[in-house]
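Below is one structure, written out as structure tokens; the observations come after it.
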Amino acid sequence: MGVSLFVHSVRLVLGDWRNALKITGLLYLIYAVPALVFALLFPTPVQPEQAMAALGSGGFLGLITAILAIVAFVWVAVAWHRYVLLDEMPAGQFPEFNSSRLLSYGGYSLLIGLIGFVLSFIVSAVVGIIAIPLLNVVGVVLTGLLALAAVLIIGYRLAPILPSIAIGKPITLRQAWEATNSANVPIIVLAVLSAVAALVIDIPAFIFAMAGPIGGFLAVLWTLATGWVKMIVGVSILTTLYGHYIEGRAIPAATAQA
């Protein structure tokens, strides 16, 4: 099921990429353009002194870029959820900006992240106290993997609340948790596939980054271009989890044709 959830989420984007670009492309540029300008003005430093200078001179622009990234992500997520689940196509160039809906979506995203962080800390502390003295390096790796697994399970099991907010049919964190009660194994598989796919996509950026200033610029371009793909597929995963576990929609087998 985990593989099918991932494949279906990817198909939501690849099978309808024109509408995906139409709905979310301009919104993504709200973040991508300032990020590109920031990268041009403040290339990745190679010396500690350069890093401190970049932090001082580029701090404000970096903050603005981060804020725009958050706004763009939430706006994109809400618009894509509504398109997939409600078949709602924006009337104009941009999807509707519903401030209360976007704030609620962003707030619950932060809450889920905070819950995951606290749980990760607890798991790391409990497992680390036992595993690290006994297993040394293996214990460190084991502790990290278990903490990551806990975060991913918590995040994806609570994630259906986000699409519910986007489409105006909010559920509670408890309802999201109960609806995904039997989904731990599929969610772990889904999380592993997502992480591996993101890593593979980023490999060219790592290669470009080692090729000097021009390579660094190409790395930024690649990261921004593929960032849209990773973002919209990530949002589609949340949409798929909501559609399947909350609305009871069927998920085609991974080997089925789109």
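At a threshold of 4.0 Å, the pair Arg101-Glu96 counts as salt-bridged, since one of the basic side-chain nitrogens sits closer than that to a carboxylate oxygen. Taking the charged nitrogens against the carboxylate oxygens, Asp87 and Arg82 have no contact shorter than 4.0 Å, which rules out a salt bridge.
Pro95 approaches Ile23 most closely through the heavy-atom pair CG-O, 3.6 Å.
Taking 4.5 Å as the limit, every side-chain heavy atom of Val151 sits out of range of all side-chain heavy atoms of Leu119. Within the 4.5 Å cutoff, the side chain of Lys230 has heavy atoms near those of the Asp202 side chain. Between Ser164 and Ile246, every side-chain heavy-atom pair lies at or beyond the 4.5 Å cut-off. Leu114 is not listed as a side-chain neighbour of Leu110, based on a closest heavy-atom distance of 4.5 Å or more. Looking at heavy atoms from C-beta onward, Val235 lies in side-chain contact with Phe73 at the 4.5 angstrom threshold. Between Val13 and Val229, every side-chain heavy-atom pair lies at or beyond the 4.5 Å cut-off. Under the 4.5 Å side-chain criterion, counting only non-hydrogen atoms from C-beta, Ile161 is not in contact with Pro170. Counting only heavy atoms from C-beta outward, the side chains of Tyr156 and Ile188 never approach each other to under 4.5 Å.
Hydrophobic cluster membership is shared by Trp17 and Val84, with clusters built from Ile, Leu, Val, Met, Phe, Trp and Tyr side chains linked at under 4.5 angstrom. Tracing side-chain contacts under 4.5 Å through hydrophobic residues (I, L, V, M, F, W, Y), one reaches Val78 starting from Leu111; they form part of the same cluster. Criterion: ILVMFWY side-chain heavy atoms under 4.5 Å apart, direct or through other members. Under it, Ile129 and Val140 are not part of a common hydrophobic cluster.
Residue Tyr83 holds its OH atom at 9.0 Å from NZ of Lys22, rounded to the nearest 0.5 Å. Here the CD1-CG distance, from Ile112 to Leu238, works out to 8.5 Å after rounding to the nearest 0.5 Å. Rounded to the nearest 0.5 Å, atoms CZ (Phe208) and CG (Leu218) are 5.5 Å apart. Atom CG of residue Leu5 and atom OG of residue Ser236 lie 12.5 Å apart, to the nearest 0.5 angstrom. Separating the CG atom in Leu158 from the OG1 atom in Thr180 is a distance of 7.0 Å, to the nearest 0.5 Å. Separating the OG atom in Ser4 from the CD1 atom in Ile251 is a distance of 8.0 Å, to the nearest 0.5 Å.
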Carefully, step by step, assess Leu162 and Ser109 under the rule side chain to side chain contact (heavy atoms under 4.5 Å, CB included). CA-CA 7 Å; Leu162 298 177; Ser109 297; 3.6 Å; yes
One pair to check against side chain to side chain contact (heavy atoms under 4.5 Å, CB included): Val138 and Val141. What are the steps and the verdict? CA-CA 5 Å; Val138 175; Val141 174; 5.7 Å; no
Worked check of side chain to side chain contact (heavy atoms under 4.5 Å, CB included) between Ile187 and Met1: CA-CA 9 Å; Ile187 280 175; Met1 175 56 74; over 6 Å; no
Could you please spell out the steps behind the side chain to side chain contact (heavy atoms under 4.5 Å, CB included) verdict for Tyr242 and Lys169? CA-CA 11 Å; Tyr242 176 86; Lys169 300 178 181 178; 4.3 Å; yes
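Within a 6.0 Å radius of CH2 in Trp228, other residues, nucleotides and ligands contribute more than 12 heavy atoms. Within a 6.0 Å sphere centred on CZ of Phe94, heavy atoms belonging to other residues, nucleotides or ligands number more than 12.
With hydrogens and angles left out, the side-chain atoms of Thr24 and Trp80 include no donor and acceptor closer than 3.5 Å. Side-chain contact, Asn184 with Ser182: no donor N or O sits under 3.5 Å from an acceptor N or O. A donor and an acceptor atom, one from each side chain of Thr240 and Ser9, are located under 3.5 Å apart.
When atom types are taken as modelled, the side chain of Tyr28 and the backbone of Leu224 share a donor-acceptor pair closer than 3.5 angstrom. Panel note: side chain Ser120, backbone Gly116; no donor-acceptor pair is recorded below 3.5 Å. No donor-acceptor distance shorter than 3.5 angstrom exists from the side chain of Glu247 to the backbone of His244, with no hydrogens or angles considered.
The side chain to side chain contact (heavy atoms under 4.5 Å, CB included) test with Ile232 is passed by exactly one of Val76, Val10, Leu12: Val76.
Partners of Tyr105 by side-chain hydrogen bond (donor to acceptor under 3.5 Å, both in side chains), not counting sequence neighbours, listed by chain and number: His81.
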